[in-house]
Amino acid sequence: MSTANTLPLELIHEIFLQAAKSSTSSCHALSHVSTWARRLALPHLYTTVSTTPQSLQAFFVSLGFSPVLPPDPDFDPATSVRNIWLAFTSEDYNQGRTKAYIVRYCHNLSHIAIDACDAKHLFYAKKDQTPDLRAVDLHVLVLHNRTRSAYDSYDGCFFTYVTHLRFGDPLWSCAELPLKYMDRLTHLAVPCGAASVEELECILTAVRDTGVKVFVFIVSDAYLDEDQCRVVEDWVCEIRRADERIYLARSLYDEHKKEWDMGRCYYMGAGI
């Protein structure tokens, strides 16, 4: 007799449930075990989504349809999505709009990783194109800054949901920080490029008069050599004597995608 046959059903259910929550790969495997395991796993399978240029459209279409053998007849995949990594596809306007629609449909999103080009479509979404009833605060990782652009005018409401914002690449200028539109922003993280202390102070000045409670300067050997890292570290230590909201962190950028694919939330919420 197998061990599974000797365990109480409630315990088997709990074991499968914890396995479904543990990682995307475990959840996907469970969905092929049996009908009841699939029903249990599906909501968790949608919790953390990582799209590729090839899978983006298929995922977008799936949000409008209940999958085969849903957990219940009213199961809506979009409501299960909590974390989403939207890979850069192209600068095509329609691709950007597709990603904006995905964010609009997934009302329970808490973490988004998105390319800077695509982020523009979210940031400038009109009020009638953005969900009005978002259940949780929004943590945003803006990936590669491919173009220099400033938020000179703004007529959307996406920013009102953002409480945590991190840039994956160093900023070109302070104009890339749309802080005046982000009334709820409390956590901000910005990588330091090959910038002078004067440029870092310019960014700091833009943040000081906002509601940001934690501001992290990120140093990485991808952008700075050891001497430059030490200059930034010494400068931050000096600044912290007068402003304890300022922090310094070493970048884990190479691990972000791996952690995301393993089903762990982007560390911005707990790591800084």
Side-chain angles (χ1 to χ4, degrees), residues 1-88 99 102-114 131 134-141 143 161 163-164 166 168 187 251-272:
M1 181 179 293
S2 68
T3 303
N5 290 334
T6 64
L7 294 174
L9 291 178
E10 294 82 359
L11 181 57
I12 295 175
H13 183 279
E14 185 62 25
I15 291 172
F16 275 44
L17 180 62
Q18 294 305 318
K21 292 179 178 180
S22 66
S23 72
T24 303
S25 57
S26 296
C27 193
H28 187 266
L30 280 175
S31 67
H32 292 82
V33 170
S34 65
T35 299
W36 73 267
R38 178 179 173 82
R39 293 180 188 273
L40 181 149
L42 268 179
H44 302 286
L45 186 62
Y46 277 91
T47 297
T48 298
V49 176
S50 181
T51 70
T52 65
Q54 295 74 30
S55 68
L56 177 68
Q57 190 62 32
F59 173 66
F60 173 62
V61 172
S62 75
L63 294 179
F65 298 92
S66 181
V68 178
L69 299 177
D72 61 69
D74 298 322
F75 177 65
D76 181 1
T79 62
S80 295
V81 180
R82 300 292 187 276
N83 318 299
I84 188 165
W85 181 290
L86 293 170
F88 178 74
K99 294 173 184 178
I102 289 174
V103 173
R104 188 196 316 172
Y105 293 152
C106 300
H107 293 279
N108 294 319
L109 268 177
S110 58
H111 293 74
I112 302 175
I114 190 168
R134 187 168 293 282
V136 293
D137 297 337
L138 200 54
H139 299 211
V140 178
L141 166 61
L143 299 172
Y161 303 120
T163 59
H164 293 60
R166 174 173 175 171
H187 291 66
S251 176
L252 299 176
Y253 187 77
D254 291 340
E255 298 297 320
H256 289 342
K257 190 62 168 63
K258 179 181 177 181
E259 292 182 0
W260 196 281
D261 289 340
M262 287 297 292
R264 293 189 290 270
C265 293
Y266 177 58
Y267 79 93
M268 182 82 173
I272 64 172

To the nearest 0.5 Å, what is the distance between OH on Y46 and CG on L63? 7.5 Å
Can you confirm whether V81 sits close enough to N108 that some side-chain heavy atom of one is under 4.5 Å from a side-chain heavy atom of the other? no
So does L11 have more than 12 non-hydrogen atoms from other groups sitting under 6.0 Å from CG? yes
With side chain to side chain contact (heavy atoms under 4.5 Å, CB included) as the test, would you mind laying out the steps for L45 and H28 before giving the verdict? CA-CA 6 Å; L45 186 62; H28 187 266; 4.0 Å; yes
Looking at residues at least two apart in the chain, or sitting in another chain, which of them share a side-chain hydrogen bond (donor to acceptor under 3.5 Å, both in side chains) with Q57? none
On a heavy-atom basis, the closest approach of L17 and H44 is CD1-NE2, 3.3 Å
Does a side-chain heavy-atom distance below 4.5 Å link L56 with I102? yes
Check whether any side-chain N or O of S110 sits under 3.5 Å from a backbone N or O of R82 as a donor-acceptor pair, and report yes or no. yes
Flag side-chain contact, heavy atom, 4.5 Å: H164 against D137: no
Give me the atom names and distance for the closest heavy-atom approach of A19 to S26. O-CB, 3.3 Å
Any chance you could measure R39, atom CZ, to S31, atom OG, to the nearest 0.5 Å? 13.0 Å
Donor-acceptor pair, side chain of T51 and main chain of W85, under 3.5 angstrom: yes
Measuring only between side-chain heavy atoms, which start at C-beta, is T163 closer than 4.5 Å to H187? no
Supply the atom-to-atom distance H107 NE2 to L109 CG, rounded to the nearest 0.5 angstrom. 10.0 Å
Measuring from W36:CH2 to L9:CG, what's the distance to the nearest 0.5 Å? 8.0 Å
Check A41 against C27 and note the closest heavy-atom contact, atom names and distance. O-SG, 3.0 Å
For F16 and V33 the tightest heavy-atom approach is CE2-CG1, 4.1 Å
side-chain hydrogen bond (donor to acceptor under 3.5 Å, both in side chains) against S62, all qualifying residues, sequence neighbours excluded: none
F60 and Y105 aromatic ring geometry - parallel, tilted or perpendicular at 30°/60° bounds: parallel
Scanning both residues in full, the closest heavy-atom pair of L40 with A20 reads CD2-CB, 4.0 Å
Do any N or O atoms from the side chain of S55 and from the backbone of T52 form a donor-acceptor pair under 3.5 angstrom? yes
Could you check whether any side-chain heavy atom of N83 comes within less than 4.5 Å of a side-chain heavy atom of H139, counting everything from C-beta outward? no
Note, K99 side chain near V103 side chain (heavy atom, < 4.5 Å): no
